Amino acid sequence: MLTVRDAIQTALIEAVRDLGVDGELPDLELGRAKDAGHGDYATSAGLKLARVLRRPPGQIAQEIAAAIAVPDGAASAEAVGGYVNFRLTDEWLQRLVSRVEPRFGANDLGHGEKVQVEFLSVNPTGPLHIGHGRGAILGDSIARLLQFTGHSAHREYYVNDQNRQARLFGESVYARLHGQEPPEGGYVGDYVTEIAETARAQKPDIVDNLDELRAFAIAAMVDRIRASVARLGVRYDEWFYESRLWHEQLPEEAIARLKNGGYLKEKEGALWFGDPAETEEEDRVVYKSNGEPTYFASDLGYLLSRFERRGFERVVEVWGADHHGYVPRMKAAAGALGIDPTKLVIILNQLVNLKEGAAAGSGGKMSKRAGRFVTLDELIDRVGSDAVRYFYLLRSPDTTIEFDLELAITQGNENPVYYAQYAHARLSNVEVAARERHRNLPDVAKVALLSQPWELDVARQLAFWPGVVEDAARLLEPHRIPYYVHDLATSVHRFYHAGNAEPAYRVVVDDPELTRARLEISRAARHTLKTALDLMGVSAPERM
RNA sequence: GCCCCGCUAGCUCAGUGGAUAGAGCAUCUGUCUUCUAAACAGAGGGUCGGGGGUUCGAAUCCCUCGCGGGGCACCA
């Protein structure tokens, strides 16, 4: 569906052409008006075109406003200074309310593009902590957004099951089972003991076999990780094991291709990847001098697996910001393999810090190996999945989250997630009340009866929704959704509250026609709240 | 030293180069005889880290300095 913003944009360009502007147009910066007094959308077209047309901005804006014809009478135009302000018309807003269906806002931006969203992918050598939760929620919500906008999204977790950390983990479990000290840099913690005990109980025949024990331990950790993220409503389409790449000989294939392209060089007994044109210090080791491959060798094969073997047209990876230094190398590797680097989109999310004085005696950096951290499960136990998701999604990935555990625990009903959920529950409730009061409501709503400002403001918010979806999906920025949800919830609460102040403004009144019309707003807003909350993975309760 | 992110109200954070910079929390003042007060109405609170530059116009773009966080492995 075309958004109303697109419709205005098209009409705007047409009007500008009619003024005799040829050639390339500057960005006319049509966007949401910042001040409600300026209407709903605004453009600085007059200022933008003043130079080309060699006329005063105000005059140009006047002419545009006079000439423009927004389709369906969706908006009226008014020139103020060099700006042209657009206001959505009451009639169009009223009709919009009846057009809102459960999947309102969905579009076909992606045209079925196959996009892989790979996220979390932490070494399965320990429980997830609160920082990991951020990547899980961000990746999952991006996938939800992509699915909602006409993409085929594939959620994938890349399981490092045969690297050094995986081996260390296996050795740590082995040591625990045999009463030995854990290896240098190995893993300790109750979960290591638990997995060791489980292995002893369930598979006593493998406790002396390091390889099998490692596989068992990794599988056990993957199960735990799967269970943890499932509590947040995160489900993967695929758990892709690093070892599979080697079975399919993809790293070798990638390396052969790089060798042919002159991207590999031997140095100090190891094999390095580096663009011939770049400096030495940016090189990365592919094969160590002891003949073992590094994770980078696997990653090269993984690129082929995704872009060629499995045919993803775009790959979105969500990484913690501590991996940012690896981005240029991955992009370069993709290019060297003949993959368009712009199709490899890497989203870095900043870390989650615990505030000083937080519970669990932590307060400092979390370390998996030291076995001292606040786990994601503990956080979910305390504040619930909805609150965790809402809070995490509220932040742009570029912002470090200062997570005050103390505050999160005591959040309770003060939690902002309830504001949105309560709006949904209220609307659900009012619809039930309407059915109890009126046995025979008209099938069709007379939306022209919706003329109160608080009624039209709900419709206005609904009008903005498709544009919010489009922006969030295009920019891969899910944090736009909770901000929209808050705005819509505000208009809903105002709409509802008008009836508290004055009974004649309740949704359910004596007049069946008026009740029916107001129910149409309720229904539309409820669908949209539900849709938006779904995109966030947050529940939309019907009662609270 | 080099690279990445951040610096906006007391706190936590939004803010596609446009008009008088916003929200939540916190503080203060009002509103339940109700379709749900987990709500609504209102108030106070700002040198957008500092300084230059580009532009008709800068929180936003460029340069520079400062502060905080993260990274710079033959770990991932």
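Note that this is a predicted model, so its numbers are computed, not measured. In the text below, chain A, chain B and the rest are named by the order of the sequence lines, each starting its count at 1.
- Of the candidates B:U31, B:A14, B:C74, B:U31 carries the atom nearest the A:H497 side chain, counting heavy atoms from C-beta on.
- When the shell of 6.0 Å around CD of A:E502 is examined, it contains more than 12 heavy atoms from other residues, nucleotides or ligands.
- The shortest distance between the side-chain N/O atoms of A:K288 and the OP1/OP2 oxygens of B:C75 is below 4.0 Å.
- Pairing for B:G68 is with B:C5, a Watson-Crick or G-U wobble pair whose two hydrogen-bonding atom distances lie under 3.5 Å.
- Among the nucleotides B:G6, B:C75, B:G24, the one closest to the side chain of A:Q165 is B:C75.
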Using side chain to side chain contact (heavy atoms under 4.5 Å, CB included), reason through A:R32 and A:Y41 one step at a time and then give a plain yes or no. CA-CA 4 Å; A:R32 288 272 298 278; A:Y41 294 92; 4.0 Å; yes
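- The partner of B:C35 is absent, by the rule that a Watson-Crick or G-U pair needs both atom distances under 3.5 Å.
- B:C3 and B:C56 have their P atoms separated by 32 Å, with the value rounded to a whole Å.
- For the pair A:K48 and A:Y505, both in contact range of RNA chain B, the more 5′-proximal nearest nucleotide belongs to A:K48.
- Across B:A14, B:A39, B:G71, the shortest atom-to-atom separation from the side chain of A:R426 is found for B:A39.
- Rounded to a whole angstrom, the distance from the C1' atom of B:U55 to that of B:C61 is 10 Å.
- Put simply, A:H479 has a side-chain N or O that comes within less than 4.0 Å of OP1 or OP2 on B:G15.
- The separation between A:R506 atom CZ and B:C40 atom P is 18 Å, rounded to whole Å.
- In this structure, A:V508 and A:N290 both approach RNA chain B, and ranking their closest nucleotides by distance from the 5' end singles out A:V508.
- Separation of the C1' atoms belonging to B:A73 and B:G66 is 31 Å when rounded to the nearest angstrom.
- A distance of about 14 Å separates the P atoms of B:G49 and B:G15, rounded to the whole Å.
- The base-pairing partner of B:C56, taking Watson-Crick or G-U wobble contacts with both distances under 3.5 Å, is B:G18.
- Straight-line distance from the OH atom of A:Y326 to the C1' atom of B:C2: 20 Å, rounded to whole Å.
- Considering only side-chain N and O atoms, A:S44 lies nowhere under 4.0 angstrom from the phosphate OP1 or OP2 of B:C56.
- Ion pairing of A:E63 with A:R55 is present here, as a side-chain N (NZ or NE/NH1/NH2) and a carboxylate O approach within less than 4.0 Å.
- Taking every side-chain heavy atom of A:S396 into account, B:A14 is the closest of B:G71, B:A14, B:C74.
- Looking at the side chain of A:V430, the nearest of the listed nucleotides B:G69, B:C35, B:C13 is B:C35.
- Stacking between A:Y83 and B:G18 is absent: the aromatic ring centre is not both under 5.5 angstrom from the base six-membered ring centre and within 30 degrees in plane angle.
- Atom P of nucleotide B:G15 and atom NZ of A:K34 are separated by 11 Å, given to the nearest angstrom.
- Residue A:Y422 has a polar side-chain atom (N or O) positioned under 4.0 Å from OP1 or OP2 of B:A38.
- Across all strands, A:S289 comes closer than 4.0 Å to base atoms (heavy-atom distances).
- In this model, the phosphate group of B:U16 is not approached by any side-chain N or O of A:R32 to a distance below 4.0 Å at OP1 or OP2.
- Look at OH on A:Y392: it is 19 Å from C1' on B:A14, rounded to the nearest Å.
- Within 4.0 Å (heavy atoms only), A:L47 reaches at least one base atom of the nucleic acid.
- As rounded to the nearest Å, B:A26 and B:C65 have C1' atoms that lie 34 Å from one another.
- One can find a donor-acceptor pair under 3.5 Å joining the base of B:G70 and the side-chain atoms of A:H324.
- The cationic atom of A:R167 (NZ for Lys, CZ for Arg) does not lie both less than 6.0 Å from the six-membered ring centre of A:F169 and within 45° of the ring axis.
- With centroids closer than 5.5 Å and planes inclined by less than 30 degrees as the test, A:Y496 and the base of B:C35 pass as a stacked pair.
- Atom CG of A:D27 is separated from atom P of B:G18 by 9 Å (rounded to the nearest Å).
- The aromatic ring of A:H38 stacks onto the base of B:A19, its centre lying under 5.5 Å from the centre of the six-membered base ring with the two planes under 30° apart.
- Minimum atom distance to the side chain of A:H493 is reached by B:C40, of the listed B:G24, B:C40, B:C74.
- Not one side-chain nitrogen or oxygen of A:R164 sits closer than 4.0 Å to the OP1 or OP2 atom of B:A73.
- Using atom C1' as the reference point in both B:U60 and B:C48, the two lie 10 Å apart (nearest Å).
- In the set B:G18, B:A19, B:G70, the nucleotide with an atom closest to the side chain of A:L351 is B:G70.
- We find that A:R437 and A:D510 are joined by a salt bridge, their nearest charged nitrogen and carboxylate oxygen being less than 4.0 Å apart.
- In this structure, B:G46 makes no Watson-Crick or G-U wobble pair, since no nucleotide meets both defining distances under 3.5 angstrom.
- Classification of the A:Y263-A:F273 ring pair by plane angle, with boundaries at 30° and 60°, yields parallel.
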Check the pair A:D511, A:R516 against salt bridge (Lys or Arg N to Asp or Glu O under 4.0 Å), reporting the backbone distance first and the verdict last. CA-CA 9 Å; A:D511 180 355; A:R516 180 65 186 84; over 6 Å; no
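- Spacing between atom CG of A:D457 and atom C1' of B:C40 amounts to 14 Å, rounded to whole angstrom units.
- Side-chain proximity of A:D35 to B:A37, B:U20, B:G17: nearest is B:U20.
- OP1 or OP2 of B:U31 has not a single side-chain nitrogen or oxygen of A:N500 nearer than 4.0 Å.
- The side chain of A:R494 lies closest to B:C40, out of B:G69, B:C13, B:C40.
- Contact annotation: A:Y419 side-chain N/O to B:A37 OP1/OP2 distance is not under 4.0 Å.
- Using a 4.0 Å cut-off between a side-chain N of Lys or Arg and a carboxylate O of Asp or Glu, A:D487 and A:R460 do not qualify as a salt bridge.
- Look at the P atom in both B:G30 and B:A19: the space between them is 36 Å, to the nearest Å.
- Listed nucleotides B:C4, B:C74, B:C13 differ in distance to A:V285; the shortest reach to its side chain belongs to B:C74.
- Using a cut-off of 4.0 Å between Lys/Arg side-chain N and Asp/Glu carboxylate O, A:R214 and A:D161 are scored as not salt-bridged.
- When both pairing distances are held under 3.5 Å, B:C40 makes a Watson-Crick or G-U pair with B:G30.
- Taking the P atoms as reference points, B:U27 lies 43 Å from B:C63, given to the whole Å.
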